[in-house]
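To find a chain, count down the sequence lines: A is the first, B the second, and so on, and within it residues start at 1.
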There are 2 protein chains.
Amino acid sequence: MARSTRESILTAAAELMRRRGYAGVAMKDIADASGAPIGSLYHHFRGGKVQIAREALANAGAAYGLLIPAVVDAHTDLGEAVQAVFDQAADDMAASGLVNMCPVASVAAEVADTVEELRQTAGEIFDGWITGGTAYFVARGVDEGQARDLTTAVIGGLEGAFVMARTLRSVEPLRAAGRVLAPQYRGTILAVRERVR
Amino acid sequence: MARSTRESILTAAAELMRRRGYAGVAMKDIADASGAPIGSLYHHFRGGKVQIAREALANAGAAYGLLIPAVVDAHTDLGEAVQAVFDQAADDMAASGLVNMCPVASVAAEVADTVEELRQTAGEIFDGWITGGTAYFVARGVDEGQARDLTTAVIGGLEGAFVMARTLRSVEPLRAAGRVLAPQYRGTILAVRERVR
DNA sequence: GTCTATAGCGGGATAGAC
DNA sequence: GTCTATCCCGCTATAGAC
């Protein structure tokens, strides 16, 4: 159960960055939140702050990539599945005090034009989400082109609604996005599938 | 034609912040980009960096609020209008080297939990966009609830797709969002209306 | 109202004892 | 592998000459 120092540093960094972005988090903040002293941060991550951010984003990206399939798994109607994804996000965000935004978009928006390494890492995560989501929907019988557009739009819709929700202090944008996106997929029945992965 | 010093400071700040966010822009950067020395920034904006950001966001917010109606004005089919909004955004972004993201979301995502005054300003801008967009669609015959959801989803979809587009260095997410959102509104005919405002 | 110089602070990063 | 002390730089903001 005892997580390694390395792991707790990454967890703390991801948690802080999803709230305050990249520049808004100081190495000292990560040290304090993780319980490790500054020296340990540089011991475990020679590349300093950028490296910590890269690994923290990659971890968070992998974790978040599982969420959409997990929610959709419980549904056979695609419209209901889409609505459930946005409602689940709204519930999670409300439960965590309107703070539950993934760190990937937060950091990506901020550094896309300044820290090339981080842009690239975030880009790979988005790519992975799109590829993974597309494969998931294809495995459940959706046409590939449509699966890709849907996945891209859902991810973009979630990220945009997260920003609005935090700023407006209301999860209504998430629910509205669900209400708008879901109806046209109602009646599209998802195939049962072999366990993927 | 000669803009005031005040105005050029705000323009420079908005331009920089839409690319680098709030923390990523230094007062010196704004001074250099606007041509005004540091002292002038504090002369015109007693509230320092936060005040400059607030006014820059408010200006940009007002300007961006006109864009969606301007694009939709040219259409009578709501589905075509929605597609046109996303395609226009994609074209603009491509034309400007994938950098044309509005500063409101950039800054909002970063400071929503840390600089309350900026969160509030950004929140007012989102509110204004939603209210204005809803009124516009209602004036063209759309049901109020649907108009509000559509406006919210379009704004969120644009902001999320902007982040993805910059990060992936491709405008494809914007076009995908349009392809997903537009179809269900195809066939909904917008009413001609008296000039609004 | 314009501009320079600088104060004062907090940032990332490092060295080196333990 | 842990932790402290410290360096150096760049940031916001101010003072005050012009």
Practice prompt. Return the value, rounded to whole Å, for the distance between atom CG of A/L16 and atom P of C/dG12.
Written response: 12 Å

Discussion item. Under the side-chain hydrogen bond (donor to acceptor under 3.5 Å, both in side chains) definition, can you give me all pairs with a residue in residues 142-163 of chain A, not counting sequence neighbours?
Written reply: A/D149-B/R179

Fill in: Outermost DNA chain D nucleotides near chain B [under 4.0 Å, heavy atoms]
D/dC11 to D/dT14

Response to the item:
Taking every heavy atom of B/G24 against every heavy atom of B/D29, the minimum-distance pair comes out as O-OD2, 4.1 Å

Item to complete: Give one of base, sugar-phosphate or nothing for A/V25, where a contact means two heavy atoms less than 4.0 Å apart.
Response: sugar-phosphate

Response to the item:
Here the distance between atom P of C/dG11 and atom NZ of B/K28, to the nearest Å, is 22 Å

Worksheet, complete the sentence: From CD1 of B/I38 across to C1' of C/dA7 the rounded distance in Å is 14 Å

Fill in: Residue mapping more 5' on DNA chain C - nearest nucleotide basis, A/R46 or A/D29
A/D29

Side-chain donor-acceptor pairs under 3.5 Å in residues 91-108 of chain A, sequence neighbours left out?
unit_1, atom_1, unit_2, atom_2, d
A/D91, OD1, A/R175, NH2, 2.8
A/D92, OD1, A/Q88, NE2, 3.0
A/S96, OG, A/D92, O, 3.1
A/S96, OG, A/M93, O, 3.2
A/S96, OG, A/N100, N, 3.3
A/N100, OD1, A/R18, NH1, 3.2

Item to complete: Taking ring pair (Phe, Tyr, Trp, His ring centres under 6.0 Å) as the test, write out the residues that go with B/F126, two or more places apart.
Response: B/W129

Response to the item:
Residues passing the side-chain hydrogen bond (donor to acceptor under 3.5 Å, both in side chains) test with A/D77, sequence neighbours excluded, are none

Fill in: C/dA13 OP1/OP2 closer than 4.0 Å to side-chain N/O of A/Y42
yes

Discussion item. Please classify the nucleic acid contact of B/G39 as base, sugar-phosphate, or nothing, using heavy-atom distances under 4.0 Å.
Written reply: base

Item to complete: To the nearest Å, give me how far apart CE (A/M27) and C1' (C/dT14) are.
Response: 12 Å

Discussion item. Under the rule for salt bridge (charged side-chain N to carboxylate O under 4.0 Å, His left out), what residues qualify as partners of B/R186, not counting sequence neighbours?
Written reply: none

